[in-house]
Novice: 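Here's a structure for you.
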Amino acid sequence: MRLALAAAVLLLSAAARAASLDGLPVEITNASEPVLCAEKDNVTLNLTNPAVRAFRIEAAHPAYIGSLAVDRFAPDWTACPMKEEALAQPMPQRITLYETVEWQVIGYREQNFWRPSDTTIKIGDRVERNIHLLQIWYRFRDRAEEVLVLYPTDGYWRARPLPPSNLRWTAYGSSFLIGPVVVEGRPIVKISQVAFDPATRTFTLTYPDGNSATVRLSTLNQELLGLDVAFARPIAGGPFAALRSMYITEFNADVARVAVREKDAPGWREEPIMPFRRALATDLWAGRHVASRHNTSAPDMVFNAFRAAPPQLAAPAIDK
């Protein structure tokens with residue numbers, strides 16, 4: 001009982017920190033579907049509001065992270081029809097695109113990526129094509145930590161904070177999409193160019209319709225990673241962002257529950273991820289109360305601070 005109460009207090013304090021307390025409400029709709037394969041993204045939360053031009057995404061360690069002594073992050077191919085195809089993929093080509101003592105940008109070229117690559121990649125003055133994966137690494141306490149990845153070809157991102165003191169490494173979990181979301185076999189965002197400015201740690205995404213977005217790595221510490229997103233113009237006619245994740249059961253999931261702070265509501269509404277249908281909310285949290293057997297240390301995800309105009313940005317807060 002005491003452990004359950006302590007976990008609840010931790011969750012509520014995390015939710016309180018996550019609340020933006022103002023901002024535009026966005027329509028959150030659930031397009032998730034049940035599956036048996038733990039390596040298939042079956043969870044989809046779409047975020048829509050044609051007035052939104054800026055918002056914030058956070059990847060935060062789950063409330064139970066301090067209690068973990070053993071982590072689990074190996075793939076679970078049970079009931080997965082694509083297992084043989086996935087395991088047969090050849091090793092990709094690894095390319096160092098940018099490097100300093102503190103930061104490193106790595107690109108990968110896959111031979112058999114599921115979508116053709118026609119996205120131009122610019123890192124400083126360097127221009128590359130046929131890059132299927134970008135990794136951002138940060139040197140923290142004498143070792144390199146991979147904190148952020150982007151698949152330019154389909155627009156999928158993953159993020160994770162710096163590891164806590166009790167763990168040497170943590171897992172990725174949920175993915176997210178930034179930009180006009182369309183469905184081509186699965187939800188994707190088409191990007192014609194990705195430019196990354198290492199000095200400001202800012203991505204500039206150019207979409208095929210001429211719209212663009214900046215994605216700034218503004219916060220990085222042992223609790224959370226924060227991204228500040230701003231669009232050149234709002235995205236109408238569909239979602240401007242989406243969360244993609246996996247749920248099989250409560251004990252085998254990358255996200256199992258959702259909490260929303262609806263406009264002018266006195267508190268949060270919280271539900272299991274699969275029965276949840278929709279909300280008009282200023283804040284969204286998606287994560288887990290209890291440790292999962294799949295990607296146990298993977299972060300919870302928070303979307304909030306939805307605004308009609310980009311705010312003035314403070315200097316990035318990066319832990320040394």
Novice: If only atom types and distance count, is the side chain of R168 paired as donor or acceptor with the main-chain N or O of P163 below 3.5 Å?
Specialist: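 Pair absent, no side-chain N/O of R168 close to backbone of P163.
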Novice: Kindly work out whether a path of hydrophobic side-chain contacts (I/L/V/M/F/W/Y, heavy atoms less than 4.5 Å apart) joins L133 to I136.
Specialist: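 L133 and I136: one cluster.
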Novice: Look only at the side chain of T96 and the backbone of Y98, and say whether a donor-acceptor pair between them is shorter than 3.5 Å.
Specialist: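 No, because the side chain of T96 does not come within donor-acceptor range (under 3.5 Å) of the backbone of Y98.
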Novice: Parallel, tilted or perpendicular, judged at 30° and 60°: which one describes the rings of W103 and Y138?
Specialist: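 Judged by the thresholds at 30° and 60°, the geometry between W103 and Y138 is tilted.
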Novice: Take W285 and D300 through the side chain to side chain donor-acceptor pair (under 3.5 Å) test and state the conclusion after the steps.
Specialist: CA-CA 7 Å; W285 169 91; D300 298 344; 3.3 Å; yes
Novice: State plainly whether the residues R257 and E270 are in salt-bridge range, i.e. N to O under 4.0 Å.
Specialist: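 A salt bridge links R257 with E270.
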Novice: What is the minimum heavy-atom distance between K190 and Y207, and which atoms define it?
Specialist: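 In this case the closest contact between K190 and Y207 is O-CD2, 3.3 Å.
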Novice: If you measure only the distance, is there a donor-acceptor pair under 3.5 Å linking the side chains of R158 and Y151?
Specialist: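 Checked: R158/Y151 side chains show no N/O donor-acceptor pair below 3.5 Å.
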Novice: Answer yes if V127 and I131 sit in the same cluster of Ile, Leu, Val, Met, Phe, Trp and Tyr residues linked by side chain heavy atoms under 4.5 Å apart, and no otherwise.
Specialist: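 Per the 4.5 Å side-chain linkage, V127 and I131 are not co-clustered.
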Novice: Counting only N and O atoms by type, is there a donor-acceptor contact under 3.5 Å from the side chain of R53 to the main-chain atoms of F231?
Specialist: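 Judged by distance alone, yes, a pair lies under 3.5 Å.
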Novice: Side-chain donor-acceptor pair under 3.5 Å between R278 and T29, yes or no?
Specialist: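 No, no side-chain donor-acceptor contact under 3.5 Å.
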Novice: Shared ILVMFWY cluster between V290 and V258, side chains joined below 4.5 angstrom?
Specialist: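 The answer is no; the residues belong to distinct hydrophobic clusters.
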Novice: Taking a hydrophobic cluster as the set of Ile, Leu, Val, Met, Phe, Trp and Tyr residues connected by side-chain heavy atoms closer than 4.5 Å, whether directly or through intermediates, do V189 and V182 fall within one such cluster?
Specialist: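 Linked, V189 and V182 end up in one cluster.
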Novice: Tell me, please, which residues at least two apart from R109 pass salt bridge (Lys or Arg N to Asp or Glu O under 4.0 Å).
Specialist: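 So R109 forms a salt bridge (Lys or Arg N to Asp or Glu O under 4.0 Å) with E128.
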Novice: Strictly distance-based, threshold 3.5 Å: is any side-chain N or O of S292 a donor or acceptor partner for the main-chain N or O of A253?
Specialist: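 Answer holds: yes.
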Novice: Short question: side chain of R129, backbone of D118 - any donor-acceptor pair under 3.5 Å?
Specialist: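 Yes; at least one donor-acceptor contact below 3.5 Å.
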Novice: Which pairs count as ring pair (Phe, Tyr, Trp, His ring centres under 6.0 Å) when at least one residue sits in residues 117-137, sequence neighbours excluded?
Specialist: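 For residues 117-137, and leaving out neighbouring residues, the ring pair (Phe, Tyr, Trp, His ring centres under 6.0 Å) pairs sorted by first residue read F113-H132.
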Novice: Between T204 and R216, do the side chains contain an N or O donor and an N or O acceptor separated by less than 3.5 Å?
Specialist: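 No, R216 and T204 have no side-chain donor paired with an acceptor closer than 3.5 Å.
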Novice: Would F240 and F55 count as a close aromatic pair, with their ring centres under 6.0 Å?
Specialist: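 Centroid separation for F240 and F55: below 6.0 Å.
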Novice: Which of these, I318, D228, T200, sits in a side chain to side chain contact (heavy atoms under 4.5 Å, CB included) with S218?
Specialist: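 Exactly one candidate clears the test, D228.
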Novice: Under the ring pair (Phe, Tyr, Trp, His ring centres under 6.0 Å) rule, what do Y156 and F176 come out as? Steps first, then yes or no, please.
Specialist: CA-CA 6 Å; Y156 276 66; F176 51 94; 9.4 Å; no
Novice: Of the options D254, D41, T44, which is the one that meets R244 in a side chain to side chain donor-acceptor pair (under 3.5 Å)?
Specialist: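 The single option meeting the side chain to side chain donor-acceptor pair (under 3.5 Å) with R244 is T44.
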Novice: Scan T219, D283, V229 and name whichever one has a side chain to side chain contact (heavy atoms under 4.5 Å, CB included) with R56.
Specialist: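 Among the candidates, only T219 passes.
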Novice: Without swapping roles, check the side chain of S297 against the backbone of A171 for a donor-acceptor pair under 3.5 Å.
Specialist: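 Pair found, side chain donor or acceptor close to backbone of A171.
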Novice: Can you tell me if R160 and T170 form a side-chain donor-acceptor pair at under 3.5 Å?
Specialist: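 No, no side-chain donor-acceptor pair sits under 3.5 Å.
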Novice: Pick from T206, L205, V215: which one makes a side chain to side chain contact (heavy atoms under 4.5 Å, CB included) with V194?
Specialist: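 Among T206, L205, V215, the one that satisfies the side chain to side chain contact (heavy atoms under 4.5 Å, CB included) with V194 is L205.
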Novice: Decide salt bridge (Lys or Arg N to Asp or Glu O under 4.0 Å) for E145 and R139; before the verdict, give the C-alpha distance in whole Å, the side-chain angles of both, and the deciding distance to 0.1 Å.
Specialist: CA-CA 6 Å; E145 302 289 348; R139 189 168 185 83; over 6 Å; no
Novice: For a ring pair (Phe, Tyr, Trp, His ring centres under 6.0 Å) check, start with the C-alpha distance between Y172 and W157, then their side-chain angles and the critical distance, and finish with the verdict.
Specialist: CA-CA 10 Å; Y172 283 118; W157 299 73; over 10 Å; no
Novice: Looking at R186 and E184, is there a salt bridge between them, counting it only when a charged N and a carboxylate O are closer than 4.0 Å?
Specialist: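 Salt bridge between E184 and R186, a charged N being under 4.0 Å from a carboxylate O: no.
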Novice: Is it possible for you to say whether F303 and V52 belong to one hydrophobic cluster, with membership spreading through side-chain heavy-atom contacts below 4.5 Å?
Specialist: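 Both belong to a single hydrophobic cluster.
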